[in-house]
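A, B, ... follow the sequence lines: proteins, then strands. Residue 1 opens every chain. Since we're looking at a predicted model, the values are computed, not measured.
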2 protein chains.
Amino acid sequence: MELQFLGTSSGTPTRTRNVAGLALRTAGGWVLVDCGEGTQHRILRTNHSPHDLRAIFITHLHGDHCYGLPGLLASAGLLNRTAPLAIVGPAPLERYVRGVMETTALQLPYPVEFIDVEDAARDGLLSDLAVSATPLSHRIPSYAYGFTEKAVERRLDADRLAAAGVPRGPLWGALQAGNEVTLPDGRAIRPADVLQPPRRPRRIVIAGDNDTPALLADAVRDAHVLVHEATYTEAILAKVGPGPQHSSALRVARFAREAAIPNLVLTHFSPRYQDTAGPLTLADIEAEARTEYTGNLFLARDLARHALDREGMLSESPRSQAPGA
Amino acid sequence: MELQFLGTSSGTPTRTRNVAGLALRTAGGWVLVDCGEGTQHRILRTNHSPHDLRAIFITHLHGDHCYGLPGLLASAGLLNRTAPLAIVGPAPLERYVRGVMETTALQLPYPVEFIDVEDAARDGLLSDLAVSATPLSHRIPSYAYGFTEKAVERRLDADRLAAAGVPRGPLWGALQAGNEVTLPDGRAIRPADVLQPPRRPRRIVIAGDNDTPALLADAVRDAHVLVHEATYTEAILAKVGPGPQHSSALRVARFAREAAIPNLVLTHFSPRYQDTAGPLTLADIEAEARTEYTGNLFLARDLARHALDREGMLSESPRSQAPGA
């Protein structure tokens with residue numbers, strides 16, 4: 001499973017950070033979580049394409065999370081996409097998109113299916129991922145989406161195979177594929193007899209804007225990764241006041257520690273924080289988070305890719321290009 | 001007067017070209033013509049700001065000309081703009097923008113005034129520029145906007161001053177400022193007696209998508225500059241067919257020659273044309289235009305700036321940075 005950040009700024013884009021967008025790729029393809037203005041421009045700099053996008057999940061309907069949707073849909077049409085596209089999100093998502101389509105004469109050569117966030121967990125939305133949605137606390141309805149592998153690979157246990165006397169060869173392959181086999185001596189061997197205990201399915205939770213991380217307590221119980229906004233440090237949050245209903249790095253980090261989440265990715269930074277030099281920098285966000293959280297911490301950067309391996313460890317992949325906005 | 005292209009691609013952005021957007025700056029400030037998705041990202045790379053934007057003119061409501069509008073309005077709000085902003089365009093412009101604002105909870109700290117394109121010429125919209133709007137031919141209503149200087153500077157004629165016996169000094173300044181003066185010998189001198197004939201006010205016509213350049217015959221009669229789409233070459237236009245209702249380089253160039261327009265800027269290129277290397281490049285567009293047009297020809301590039309001097313000559317300013325999408 002791989003995450004690629006398409007935007008990591010809050011409210012407005014900066015010269016190095018776009019507004020919200022996050023690609024999640026699995027062997028089954030890729031899905032997009034949030035689609036701020038310019039997301040399709042970012043996609044041009046990745047290996048993803050609007051053509052093979054499986055579904056879009058919108059956490060909430062603030063512009064910095066959804067103003068790129070009409071343009072992305074239009075471009076997928078110009079690329080001659082014909083496969084249906086599901087868009088999941090809270091109301092009035094469909095009214096927003098249909099209104100834009102109608103007033104701007106946008107016709108698409110593929111069907112769009114709008115799915116209310118409350119139905120995100122319905123069976124079959126994604127073939128290889130189970131989806132969950134958790135309501136958060138923000139100025140408008142906002143949600144976190146959880147993505148959990150539906151199946152994990154079968155791994156043979158060499159010791160158990162030896163103990164059972166299964167000869168190396170085609171029988172191993174049949175057991176690995178999940179089939180019962182019969183040995184030359186007539187004994188039946190079931191896969192469960194010789195497989196390792198299955199690993200925990202990987203689970204990633206990607207949260208929308210939210211001022212109360214504890215609302216995610218249940219959702220992250222088996223999660224390997226939480227992606228959460230940390231719009232401000234505590235000092236700036238105190239200055240801004242609670243009105244915008246965002247989280248500080250401290251609050252998210254404390255929650256992640258208490259919930260024992262092994263990998264935490266912070267994103268959605270206020271444009272007042274510079275990347276490197278300035279009165280306020282992302283180092284402030286990071287330092288504040290580290291006072292609480294001692295797990296595997298990342299501050300998201302545009303176009304950065306993070307791979308989650310089968311052991312549940314997240315690591316940032318080497319970058320292929322500069323982020324220029 | 002200066003033009004700066006914010007996007008020069010048609011339909012979808014490419015890695016080097018954004019969709020439509022064009023800044024026109026005069027001593028009085030700047031206006032924006034069209035606002036495709038990502039226009040605010042391009043603005044971040046210029047000296048313009050959504051904060052001091054005077055007005056926005058939308059040629060037509062296709063997404064590649066207007067999907068950046070909600071985000072630009074939102075960002076101007078986050079920058080604490082308080083000055084009213086006029087947005088001019090064809091219906092259903094207001095319904096499009098208000099629909100997005102309502103469904104995405106966008107509240108702006110400044111008033112937006114929607115002006116129907118038919119009222120674009122109304123007095124006082126821009127203090128220093130007279131505006132005209134000309135209907136074009138496209139799949140949906142599309143317009144060209146003309147911007148003409150309302151006033152030209154007074155220039156004293158040294159020969160006439162000498163002939164009239166006006167002594168060099170404060171009297172020259174008073175005449176230049178438009179005041180009648182009395183000479184020491186009692187003679188009254190009016191500014192008109194000693195001024196050079198006024199130069200022709202500069203006029204720039206910026207067209208939206210259009211398959212019939214001749215519709216601009218009246219609008220360009222006194223224009224120094226025409227900015228017009230040249231989406232394809234004739235060969236590609238023949239392949240695509242007339243359905244999209246765009247112009248070829250040949251047709252625009254022929255019109256510009258026949259109308260004796262001194263400066264022609266082509267833009268809105270199909271993404272199939274590469275900047276430099278490829279089976280189809282912008283050199284094809286340029287070569288085709290030059291078979292008809294022998295005036296001052298430019299192919300627009302993102303972030304390129306073109307200054308129109310008082311003699312009506314357009315020239316491209318040296319670039320300050322690379323266009324990276």
From the list G68(B), A91(B), P271(B), the residue making the most non-hydrogen contacts under 4.5 Å with chain A is G68(B)

To the nearest 0.5 Å, atom CD1 of I58(B) lies from atom OG1 of T104(A) at 12.0 Å

OH (Y67(B)) and CG (L69(A)) are apart, to the nearest 0.5 Å, by 10.0 Å

Ranked by heavy-atom pairs below 4.5 Å to chain A, first place among H62(B), R139(B), M101(B), E102(B) goes to E102(B)

Closest heavy-atom pair, R95(A) versus T103(B), reported as atoms and distance to 0.1 Å, is NH1-CG2, 3.6 Å

With chain A, the option among A74(B), A105(B), G71(B) that has the most non-hydrogen atom pairs under 4.5 Å is G71(B)

What one should report as the nearest heavy-atom pair of V100(B) and V100(A) is CG2-CG2, 3.6 Å

Listed by number, the residues in residues 227-241 of chain A that come under 4.5 Å of chain B (heavy atom to heavy atom) are none

Nearest heavy-atom approach of P13(B) to Q40(A) is CD-OE1, 3.5 Å

From the list G11(A), P70(A), C66(A), the residue making the most non-hydrogen contacts under 4.5 Å with chain B is P70(A)

With heavy-atom distances below 4.5 Å as the criterion, would you say the side chains of H41(B) and H41(A) are in contact?
no

Are more than 12 heavy atoms, taken from residues, nucleotides or ligands other than D119(B), located less than 6.0 Å from that residue's CG atom?
yes

One should read off an interatomic distance between L106(B) CG and L61(A) CG, to the nearest 0.5 angstrom, of 12.0 Å

